[in-house]
S.K.: 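First, the structure itself, so that you have it in front of you.
Lettering of chains follows the sequences in order, A, B, ..., and the numbering in each one begins at 1.
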Amino acid sequence: MNRAWLIVVGAWVGLASSFCGLVLVAQLQLGRLTQVKLELTDSFYPPSRPGPARRGAEVYRALGCVECHTQQVRPRGQGSDFERGWGQRRTVAQDYLHDYPVLLGTVRLGPDLANIGARQPDPDAHFKQLYNPRLLTEKSMMPSYAFLFETVAGPASSPAPGSARAGTTADLSLFPAAADPRVERLVEQDLHLQRVTRFRLMQAGYQVVPTVEAQDLVAYLLSLRSDTPLFEAPVPSRPATDAAPAAAPANSSPVRPATSVPANRAPATPVEPQAAPTNPIPTGPQSRPARPRP
Amino acid sequence: MAIGDSQSGPARATAPIPGAQQGVSAIEIDRSCRGPLLLLLTAGLGWLVVGVALMLIASIKLHGPRFLPGTAWLTYGRVAPAGLNAVVYGFACPVAVGLVLWLSSRLGRVRLAGRNAVLVGVVGWNLGVLLGVAGILAGHSTGFSWLEMPGWVGPILLLSLTLMAVGWPATVAARAERALYVSDWFGVAVLLGLLWAWAGAQWFLAHRPVRGVVQSVVTAWYRGVLLEVCLGAGGLAALFYFVPKLAGHPLHSRSLAALSFWVLVLVGGWTGCVHLLGGPVPAWMISVGTVAMGLLLANVVAVGLNAWRTVSQPGQPIRWPGLGLGYMALSVGCYVLAGIEGAVLANRSVSALTRFTHLETARLWLMLLGFFGMAALGAVHELVPRLAERPWPRPGLARAHFWGTAAGLGLIWLGLTTAGLVQGIKLLDARVPVTAALRATVPCVGVATLGWLAVLLAQVALLINLGTLLVSLTAPIWQAVQGLVQPAERTAPPSPEAKA
């Protein structure tokens with residue numbers, strides 16, 4: 001091995017093979033995925049995000065939320081993702097079609113967020129969580145994102161339950177409406193931008209109002225849900241009624257006695273005789289249209 | 001010590017080719033590398049201090065979420081990737097390239113070619129990394145793991161890298177010693193891998209972005225190539241040169257080294273997808289990654305065996321000629337440990353427990369700083385006195401650097417490994433809330449914080465040592481300037497720099 005060209009060519013072949021084998025083949029296998037039509041609801045999946053949520057994705061990326069939060073539900077048997085209720089099915093490539101960047105995450109220093117929009121649909125809870133996580137979970141390890149909020153002078157003359165103890169952030173409580181003109185102006189701006197939020201926190205006469213970034217971020221969080229049943233990722237807990245109405249309940253027997261069902265099918269998957277999957281890999285360009293079940 | 005003697009050590013291990021020209025002397029070679037390499041190494045060590053300081057802040061935030069609140073640019077999600085990028089791109093990549101350049105000219109017994117290009121490349125690279133790290137802190141992170149620096153930094157770094165690497169083929173082509181030593185092989189993998197991986201990843205993520213999870217596959221492939229192939233080869237190039245040199249024995253087996261090289265080059269690039277275990281990608285990709293991590297064990301065993309048999313000759317006590325071999329021994333140990341740990345963590349059934357926990361972070365730092373960092377810092381320890389032609393001014397600080405870094409890295413690995421185990425076990429039990437699982441890791445993460453502090457102090461000690469050395473290098477210039485300013489005062493007392 002005293003010839004430099006031999007070493008260079010060898011190293012080049014090694015790198016090129018891994019590049020072609022992983023990057024290019026992945027592109028061939030997954031790069032042509034498109035939206036699929038959900039037949040029952042006559043809509044497309046994944047839906048494109050509304051404007052605020054799209055801007056919120058940028059906030060999520062810029063703040064590095066991905067350093068602590070994953071956005072992926074692993075298959076059953078790998079970890080406790082299902083038991084924790086982080087998702088009803090595993091996440092598949094189809095779920096991330098519109099994401100740039102795709103923020104799967106590598107470390108879980110907090111709960112998974114793949115379905116946070118479905119698990120916590122209340123925006124006020126998200127605002128509270130962002131402003132001070134200790135408001136909701138006493139010993140939360142999440143840092144505060146109070147810099148996403150503005151503090152404006154509020155109606156000190158309107159004490160409400162809980163405000164008597166005001167003084168520390170932990171004593172903040174949710175207030176329904178604001179009387180301060182500055183707050184009203186903010187609300188008007190919100191309305192103008194179609195970003196309505198009723199969220200107000202009060203601390204010793206001050207009101208805490210989420211900034212545009214915070215509202216976008218919460219809009220993004222609310223848009224995070226990958227619970228639509230897909231062909232390659234059915235939602236297993238729901239009984240199938242559309243394709244096999246006369247069959248026994250899904251949980252009665254591990255293997256359904258239908259003759260046309262391949263053995264590698266999940267028990268609760270509906271019978272679709274013309275769509276027998278031969279590839280256990282749940283993703284790929286051969287993904288068939290999703291068939292949601294009621 | 002035998003470093004300055006180009007006739008012994010690795011050069012002796014290769015069969016001398018008849019008719020080989022007698023190259024230039026080692027001192028002349030080192031002088032040819034002096035300017036670019038001293039700049040490169042100083043900047044690299046500066047970035048190491050910056051990166052470790054950022055990692056210290058991030059580590060404190062892991063157990064004290066109320067630490068440094070209030071500003072977006074110091075939030076954990078920005079500080080942690082900024083620290084990683086400062087270490088990887090500020091320290092590891094350029095230092096690997098610099099070592100490869102120096103080794104190519106030392107082993108080929110020729111002066112380094114393209115010195116001005118290297119100089120410009122080093123300046124451009126550091127400027128790019130500065131913009132990139134500042135961009136991450138300012139919120140312009142791309143969100144791709146290991147590629148967080150904003151996309152517009154990509155061309156700057158690619159151009160600078162090309163300029164830095166351009167001296168290598170010229171130097172190797174002009175070599176007087178025709179036999180290529182093992183370290184040169186690994187040098188090819190460093191330069192080719194860095195160029196290809198960076199260009200490919202930037203193209204498919206920033207300039208012509210691929211859709212959906214293919215982005216994650218590209219990121220994982222890049223991470224595998226960079227960590228296992230490029231930095232792995234960089235560390236091994238240093239180890240295969242310095243271990244025989246410092247131990248005073250020829251390399252045990254060139255064939256074993258060839259095995260290491262081919263396994264690393266042909267298999268290393270396939271390892272990346274273990275970072276997608278359980279993720280929404282085709283299962284075969286992850287299986288390929290698992291198999292590749294297992295196959296890399298052959299390389300790990302070969303490296304460990306080769307190093308051990310080189311150092312311990314039968315019937316002779318092991319010589320410890322100084323701190324240099326200590327760095328190298330630790331580096332080999334970390335490589336073996338990281339290889340085994342990587343193969344275990346890549347296992348699908350193990351990953352149910354370990355995936356997404358601090359265990360993976362612990363393995364990352366073991367590889368990045370334990371293996372590559374120790375090899376590179378050991379090389380710096382040996383190299384800088386030769387480039388500057390004077391010994392380290394403060395041997396005490398050099399010892400402090402070695403022991404501080406070693407102890408700190410040990411604490412980081414221990415702390416993060418136990419934290420990861422606790423986290424994994426608690427997260428696996430769905431009845432334990434996430435907050436409780438994270439609370440349970442706090443003492444272990446605290447140990448890791450102590451480790452980061454020790455590593456930071458040690459790097460500061462190294463930087464002080466290096467700074468003193470560089471100031472003493474410039475003393476003649478200051479003397480000359482003083483002589484010009486005050487030509488009449490012949491009785492002027494000697495300047496303090498001159499004494500030093």
S.K.: Which heavy-atom pair separates Arg108(A) from Gln423(B) by the least distance, and what is that distance?
M.R.: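 That closest heavy-atom pairing would be O-NE2, 2.7 Å.
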
S.K.: Check each atom of Thr441(B) against the heavy atoms of chain A and say whether the ones under 4.5 Å are side chain, backbone, both or neither.
M.R.: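 Neither part.
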
S.K.: Out of Asp99(A), Thr137(A), Leu109(A), which one racks up the most heavy-atom pairs below 4.5 Å with chain B?
M.R.: Leu109(A)

S.K.: Enter the distance from Lys61(B):NZ to Met141(A):CE here, rounded to the nearest 0.5 Å.
M.R.: 12.0 Å

S.K.: Leu266(B), Leu192(B), Leu264(B): which one forms the most heavy-atom pairs within less than 4.5 Å of chain A?
M.R.: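 The answer is Leu192(B).
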
S.K.: Please determine, among Gly193(B), Gly268(B), Ala430(B), Gly212(B), the option with the most heavy-atom pairs under 4.5 Å with chain A.
M.R.: Ala430(B)

S.K.: Give, as side chain, backbone, both or neither, the part of Val267(B) having an atom under 4.5 angstrom from any heavy atom of chain A.
M.R.: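 No part of it gets close to chain A.
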
S.K.: Are side-chain heavy atoms of Gln94(A) and Pro280(B) found at a separation under 4.5 Å?
M.R.: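 Gln94(A) vs Pro280(B): side chains apart.
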
S.K.: Sub-3.5 Å donor-acceptor pair from the side chain of Ser80(A) to the main-chain atoms of Leu427(B), do we have one?
M.R.: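 Checking the backbone N and O of Leu427(B) against the side chain of Ser80(A), a donor-acceptor pair under 3.5 Å is found.
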
S.K.: Which one of Gly200(B), Gly64(B), Gly139(B) has the most heavy-atom pairs closer than 4.5 Å to chain A?
M.R.: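 Going by pairs under 4.5 Å, I would pick Gly139(B).
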
S.K.: What option among Pro75(A), Gly21(A), Pro143(A), Gly85(A) has the most heavy-atom pairs under 4.5 Å with chain B?
M.R.: Gly21(A)

S.K.: Hey, does the side chain of Tyr96(A) reach the backbone of Gln215(B) with a donor-acceptor pair shorter than 3.5 angstrom?
M.R.: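 Judged by distance alone, no pair lies under 3.5 Å.
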
S.K.: Which heavy atom of Arg90(A) sits nearest to which heavy atom of Gly278(B), and what is that distance?
M.R.: NH2-O, 4.1 Å

S.K.: What is the distance from atom OG1 of Thr219(B) to atom CG of Leu104(A), rounded to the nearest 0.5 Å?
M.R.: 8.5 Å

S.K.: If you measure from CG on Leu62(B) to SG on Cys68(A), what distance do you get to the nearest 0.5 Å?
M.R.: 7.0 Å

S.K.: Examine whether an atom of Tyr60(A) lies under 4.5 Å from a heavy atom of chain B, and if so say whether it belongs to the side chain, the backbone or both; otherwise answer neither.
M.R.: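 No part of Tyr60(A) comes within 4.5 Å of chain B.
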
S.K.: Quick one: are Val66(A) and Phe144(B) in side-chain contact, heavy atoms under 4.5 Å?
M.R.: no

S.K.: Using every non-hydrogen atom in the two residues, find where Gly79(A) and Ala352(B) come nearest and quote the distance to one decimal.
M.R.: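 What the structure gives for the nearest pair is N-CB, 3.7 Å.
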
S.K.: Taking Thr91(A), Leu148(A), Val13(A) one by one, which has the highest count of heavy-atom pairs under 4.5 Å against chain B?
M.R.: Thr91(A)

S.K.: Let me see the working for Asp184(B) and Ile7(A) under side chain to side chain contact (heavy atoms under 4.5 Å, CB included), right down to the final yes or no.
M.R.: CA-CA 9 Å; Asp184(B) 279 331; Ile7(A) 311 288; over 6 Å; no

S.K.: Which answer fits Pro169(B), side chain, backbone, both or neither, if we ask what part of it has an atom under 4.5 Å from a heavy atom of chain A?
M.R.: neither

S.K.: If you tally heavy-atom pairs under 4.5 Å against chain A, which of Leu205(B), Leu428(B), Val217(B) wins?
M.R.: Leu428(B)

S.K.: Are any of the side-chain heavy atoms of Thr71(B) and Phe147(A) separated by less than 4.5 Å?
M.R.: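 A side-chain contact under 4.5 Å is absent here.
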
S.K.: Check whether Arg211(B) reaches the backbone of Leu33(A) with its side chain - one donor and one acceptor, N or O, closer than 3.5 Å.
M.R.: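 Here the side-chain-to-backbone pair exists.
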
S.K.: Considering only heavy atoms, which portion of Trp86(A) lies under 4.5 Å from any heavy atom of chain B: side chain, backbone, both, or neither?
M.R.: side chain

S.K.: Given Trp12(A) and Val188(B), is the side chain to side chain contact (heavy atoms under 4.5 Å, CB included) satisfied, shown in steps?
M.R.: CA-CA 9 Å; Trp12(A) 185 82; Val188(B) 177; over 6 Å; no

S.K.: Indicate yes or no: at least one non-hydrogen side-chain atom of Pro282(B) is less than 4.5 angstrom from one of Gln29(A).
M.R.: yes

S.K.: Among Ala72(B), Gly143(B), Ala80(B), which residue has the highest count of heavy-atom pairs closer than 4.5 Å to chain A?
M.R.: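 Option with the top pair count is Ala72(B).
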
S.K.: Test your reading of the model: is there a side-chain donor-acceptor pair from Arg84(A) to the backbone of Val432(B), 3.5 Å cut-off?
M.R.: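 Indeed, once roles are kept as given, a pair shorter than 3.5 Å links the two residues.
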
S.K.: Let me know if Thr142(B) has heavy atoms under 4.5 Å from chain A in its side chain, its backbone, both or neither.
M.R.: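 The backbone, not the side chain.
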
S.K.: So which atom in Ser18(A) and which in Val225(B) form the shortest heavy-atom distance, rounded to 0.1 Å?
M.R.: OG-CG2, 4.4 Å

S.K.: Non-hydrogen atoms of chain A under 4.5 Å away: do they reach the side chain of Trp73(B), the backbone, both or neither?
M.R.: neither

S.K.: Looking at Gln78(A), Lys139(A), Glu83(A), which has the largest count of heavy-atom pairs under 4.5 Å with chain B?
M.R.: Lys139(A)

S.K.: If the plane angle is over 60° it's perpendicular, under 30° parallel, otherwise tilted; pick one for Trp196(B) and Phe19(A).
M.R.: perpendicular

S.K.: Using non-hydrogen atoms and a 4.5 Å limit, figure out which bit of Leu103(A) sits close to chain B: side chain, backbone, both or neither.
M.R.: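 Contact with chain B is through the side chain of Leu103(A) alone.
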
S.K.: Given side chain to side chain contact (heavy atoms under 4.5 Å, CB included), test Phe356(B) with Arg74(A) step by step and report yes or no.
M.R.: CA-CA 11 Å; Phe356(B) 303 129; Arg74(A) 288 179 287 177; 3.5 Å; yes

S.K.: Against chain B, label Ser17(A) side chain, backbone, both or neither, depending on which of its atoms sit under 4.5 Å from a heavy atom there.
M.R.: both

S.K.: For chain B, which of Glu67(A), Arg3(A), Glu58(A) has the most heavy-atom pairs under 4.5 Å?
M.R.: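 Ranked by contacts with chain B, first place is Glu67(A).
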
S.K.: Can you name the closest pair of heavy atoms from Arg78(B) and Leu63(A) and give their distance?
M.R.: NH2-CD2, 3.8 Å

S.K.: Less than 4.5 Å to any heavy atom of chain A: does that hold for the side chain of Tyr222(B), its backbone, both, or neither?
M.R.: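 For Tyr222(B), no heavy atom lies under 4.5 Å from chain A.
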
S.K.: Between Ala146(A) and chain B, which part of the residue has a heavy atom less than 4.5 Å away: side chain, backbone, both or neither?
M.R.: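 Nothing of Ala146(A), per the 4.5 Å heavy-atom cut-off to chain B.
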
S.K.: Identify which part of Thr106(A) has an atom lying under 4.5 Å from any heavy atom of chain B, answering side chain, backbone, both or neither.
M.R.: both

S.K.: Applying side chain to side chain contact (heavy atoms under 4.5 Å, CB included), run through Trp284(B) and Val25(A) and close with a yes or a no.
M.R.: CA-CA 11 Å; Trp284(B) 66 264; Val25(A) 173; 3.5 Å; yes

S.K.: At a 4.5 Å cut-off on heavy atoms, which part of Gln27(A) comes close to chain B: side chain, backbone, both, or neither?
M.R.: both

S.K.: Chain A heavy atoms under 4.5 Å from Phe67(B): which part of the residue, side chain, backbone, both or neither?
M.R.: neither

S.K.: Highest number of heavy-atom pairs under 4.5 Å with chain A: which of Gly279(B), Cys273(B), Ala173(B), Ala197(B)?
M.R.: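 So the answer, after comparing Gly279(B), Cys273(B), Ala173(B), Ala197(B), is Gly279(B).
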
S.K.: For residues Val102(A) and Val213(B), report the shortest heavy-atom separation together with the two atoms involved.
M.R.: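 Nearest pair, atom of Val102(A) first, then Val213(B): CG2-N, 4.1 Å.
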
